[in-house]
Amino acid sequence: MSSETTNALAAASSSYLRSAMHQPIRWHEWGPEAFAAAQRENKPVLLDIGAVWCHWCHVMDRESYENPKIAEVVNEHFIAVKVDRDERPDVDSRYQAAVSAISGQGGWPLTAFLTPDGRPFYGGTYFPPEDQYGRPGFRRVLEAIAGAWREKRDHVLQSAASVMTAIGQAEAFTGRSAEFSPRIIESIVQSAVQMFDLRHGGFGQAPKFPHPAVMDLILDRYARTRESYLRTVADTTLEKMARGGVYDQLAGGFHRYSVDERWVVPHFEKMSYDNSELLKNYVHGYQATGNAFFAAVARDILRWMDEWLSDHRHGGFYASQDADYSLDDDGDYFTWTQEEARAVLTADELEAVIHHYDLAEVGEMHHNPAKNVLFVHATPAEIAVRLGTQTERVEALLDSAKKKMLAARLQRPTPYVDKTVYVNWNALCVSAYLEAARVLNLPEARRFALRSLDRILAEGWDAKQGLRHVIAYSEAQPAAGGPHPAATPRRSPVRGLLDDYAFTVCACLDAYEATAALSYFTFAQHIAEAMIAKFYDPMSGGFFDTERPYSAGDAPQALAAGSETASGDGALGALAARRKPFQDSPTPAGNSAAVIALMRLYGYTHDESLREKAEQTLEVFAGLAPQFGMFAGTYGIAAVWFANPPLHVVVVGNDELAQKLYDAAVRPFALNKVALHLTDSEIAPQNLPPALAETIPNLPAVREGKSAAVICAGFTCRAPIFEPDQLTRALEETLAATKA
């Protein structure tokens, strides 16, 4: 197939799929047509799942899928289907479970072989074109699978049946596993503490991933107990990560993870959801500890997201930035040789940079030993001692050097930015921006977050159809170093998943708390109602990740029948398996996020049905949460919301005193604490959620028009407070008394 010839992926919306449209493989998108072709031609399905940011996906594309001889084998013996895991996480999650059951490993690219009706029977991740790296060559695998399908079909079908059973059991969670206990919070915290790396921060050994949910849980626990070892865990981890190579020292923002235990050498792709959740960590770390460095890192994350992931024209956040600009590149955009630095810096600036970033003649990158990952090796004060100068001079040199190096880096071929706007990841970003804006007093971040949420609600929400998963797609991938394309709105065939709903409910509540605009609260209610109707399991509790294929009145056997999935494509292949996502990987788990959404709404409505569904959902996983430990961090956060009464700190008034009271209300950190500022025009009952409408307008101080703060917990409001210092003390006492 020539470069002028295209396959069916030319009609795809996804950047990842479109990047393969010139390959000689006769690719199909996931859908009924592909499986109908497989059944009509009696061929097994070759399923490739990857992402636009995935380096090894592009390597396998070049080595194998662009190889005419391998393509000939694929086209003769298989129906080839390519899936973008970001666009179809429902497909990815099920086949990840399948390949993990088959091979004991998962990841991307995911390579699976399916029966014509979509049942997996063999798979792996990356396959080299020929035998190497201890892996079988892809051509040999293809020929062996084709032979097995011809000659050992009964064995293949038996294998497919057993794998489907494994998928069905992976995250089915068919009923209550234990009674919920607040003790699970401490259990999850301690599981993380036991894995804490005292020297380098973080949890476990290489490779090292950030764990934002469990970090928030640790910070919440520290804020309530002031136990010093929790402060050590938080301080060490947040400091080491932000000073490591896993953080972009020039442009800001976190790479996806570190391949070493010291946080030095990262996988260089940057994801919106990693940065949104880590932004929350650094804001919360600043609140809990008062460490100004954490606030500075939070502002720096915002700087990168503003510049690279923000659609300033329409509102909304882009999905990711790739690690590389070509297949021959391995982080070259982000890394430096001494010669590259010398070309743009003065001698004094270079000397400071060499000490600060350990910019040596031999760096950390195996493909090019002269390349250095920038990480903080020595502080300005330490460098000043070595050079016999003042700290202020070193700081000035480093400041000017970083600006010059960033400007020079921008002239390099630039890794692709996927400008797809996903509802779930956008909701996470909106919540993070609003949190940062509230704590750090950043009105522009607040404005952009609200504008982005307004876009989700305007373009992604329909009262009858529900939420969409994708609002806009990127154009096709540009040439290396070319300009970034604008996002092009297209009607997504993928209906919203549980994550889309749960995260958006929380984002709407965050927006209400930031603005006191009741419309955002109303949206939260409506979207939560749709989430319950579409995803909640009334028979066993908990939420499915895709829409339920049966109604609440259906018989239990309807659960297995299946009819609808995220894109309305029927229960194709492994999509027939029902999942109730519980583990954080890599975004917050859908069921735990749903519980948080329900409990936050419960705090405003006193609707017991919301609390009951939250409790039933927690009990589905209560017996398993201790086994998952820190990978159940969001479950721990949900447990905090359930175990402690919602803590609302309501400030009323328009004057300077009201602003000081609000600042005091915002300052301390607790996961279940809400600070709300109401002006005189916003305290009428018709402008408030039900639980607040019953109490706030009737307080004597409010009726008298005085500026005051009121702490409400468990639907009971205490006497108004008129002094910021008094409010600070009252909140400290309240948090210390709630250590569940």
Side-chain angles (χ1 to χ4, degrees), residues 23-50 60 63-65 67-83 91-170 172 560 562 570-577:
Q23 291 174 0
I25 305 289
R26 290 197 288 268
W27 287 113
H28 295 72
E29 286 193 74
W30 175 275
E33 295 81 3
F35 291 96
Q39 294 181 42
R40 184 173 60 249
E41 300 179 29
N42 193 26
K43 291 181 178 179
V45 172
L46 165 63
L47 177 65
D48 172 79
I49 302 178
M60 192 164 175
E63 291 179 342
S64 294
Y65 295 133
N67 182 316
K69 293 183 179 179
I70 290 179
E72 186 177 348
V73 176
V74 171
N75 292 335
E76 181 180 354
H77 296 291
F78 300 90
I79 297 297
V81 176
K82 203 172 188 72
V83 170
V91 176
D92 176 63
S93 60
R94 286 158 174 79
Y95 286 101
Q96 289 285 350
V99 170
S100 180
I102 293 167
S103 67
Q105 61 180 329
W108 304 282
L110 193 78
T111 308
F113 295 92
L114 323 177
T115 62
D117 60 357
R119 292 175 294 158
F121 60 87
Y122 183 73
T125 52
Y126 164 77
F127 288 99
E130 305 297 338
D131 294 0
Q132 57 182 316
Y133 310 127
R135 296 171 181 261
F138 193 46
R139 181 168 183 170
R140 184 160 68 88
V141 169
L142 291 168
E143 291 171 344
I145 295 295
W149 181 251
R150 288 192 309 269
E151 301 162 11
K152 301 178 181 179
R153 190 166 304 180
D154 288 345
H155 177 73
V156 168
L157 295 177
Q158 289 176 2
S159 176
S162 65
V163 174
M164 284 297 290
T165 299
I167 298 173
Q169 295 174 347
L572 291 175
L575 287 182

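Residue numbers run from 1 in the order of the sequence given.
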Seminar exercise, completed: In terms of heavy-atom contacts, L142 and F78 come closest through O-CZ, 3.5 Å
Problem set entry | Results of side chain to side chain donor-acceptor pair (under 3.5 Å) for D131 - residues two or more places apart only | R140
Problem set entry | Which residues share a ring pair (Phe, Tyr, Trp, His ring centres under 6.0 Å) with Y65, sequence neighbours left out | W27, F138
Problem set entry | Residues that S64 engages under side chain to side chain donor-acceptor pair (under 3.5 Å), provided they are two or more places apart | none
For this session: Taking the side chain as every heavy atom from C-beta outward, state whether L46 and H77 have any pair of such atoms under 4.5 Å apart.
Result: no
Exercise. Minimum heavy-atom separation for P109 to M60, with atom names?
Worked result: CG-SD, 3.9 Å
Problem set entry | Results of salt bridge (Lys or Arg N to Asp or Glu O under 4.0 Å) for E143 - residues two or more places apart only | R139
Problem set entry | Residue pairs passing the side chain to side chain donor-acceptor pair (under 3.5 Å) test where at least one lies in residues 150-168, sequence neighbours excluded | N42-R153
Exercise. Of all residues at least two apart in sequence or in a different chain, which pass the side chain to side chain donor-acceptor pair (under 3.5 Å) check with N67?
Worked result: none
Problem set entry | Nearest-0.5 Å distance, OG1 of residue T125 to CG of residue L110 | 7.5 Å
For this session: Return the minimal non-hydrogen interatomic distance between A98 and V163, and the atom names on each side.
Result: CB-CG1, 3.7 Å
Problem set entry | Heavy-atom pair of closest approach, residues Y122 and I145 | CD2-CD1, 3.6 Å
Seminar exercise, completed: In short, W149 meets P44 closest at the heavy-atom pair CD1-CD, 3.5 Å
Exercise. At what distance, to the nearest 0.5 angstrom, does CZ of F113 lie from CG of L47?
Worked result: 10.0 Å
Exercise. Mind checking what makes side-chain contact (heavy atoms from CB on, under 4.5 Å) contact with A148, not counting sequence neighbours?
Worked result: V156
For this session: Only counting residues at least two apart or in another chain, list the ones meeting side-chain contact (heavy atoms from CB on, under 4.5 Å) with A574.
Result: R94, Y95, M164, I167
For this session: Could you grab the distance from atom OH of Y126 to atom CD of E63, nearest 0.5 Å is fine?
Result: 3.5 Å
Seminar exercise, completed: Between H28 and A37 the two heavy atoms that sit nearest each other are NE2-CB, 4.5 Å
Seminar exercise, completed: For E41, the salt bridge (Lys or Arg N to Asp or Glu O under 4.0 Å) test, sequence neighbours excluded, returns K43
Exercise. With Q132, which residues qualify under side-chain contact (heavy atoms from CB on, under 4.5 Å), at least two apart?
Worked result: P128, P129
Exercise. Partners of A71 by side-chain contact (heavy atoms from CB on, under 4.5 Å), sequence neighbours excluded?
Worked result: P24, I25, N75
For this session: Could you tell me the separation between the CZ atom of R40 and the CD1 atom of I79, rounded to the nearest 0.5 Å?
Result: 7.5 Å
Exercise. Any side chain to side chain donor-acceptor pair (under 3.5 Å) pairs touching residues 103-113, not counting sequence neighbours?
Worked result: D92-W108
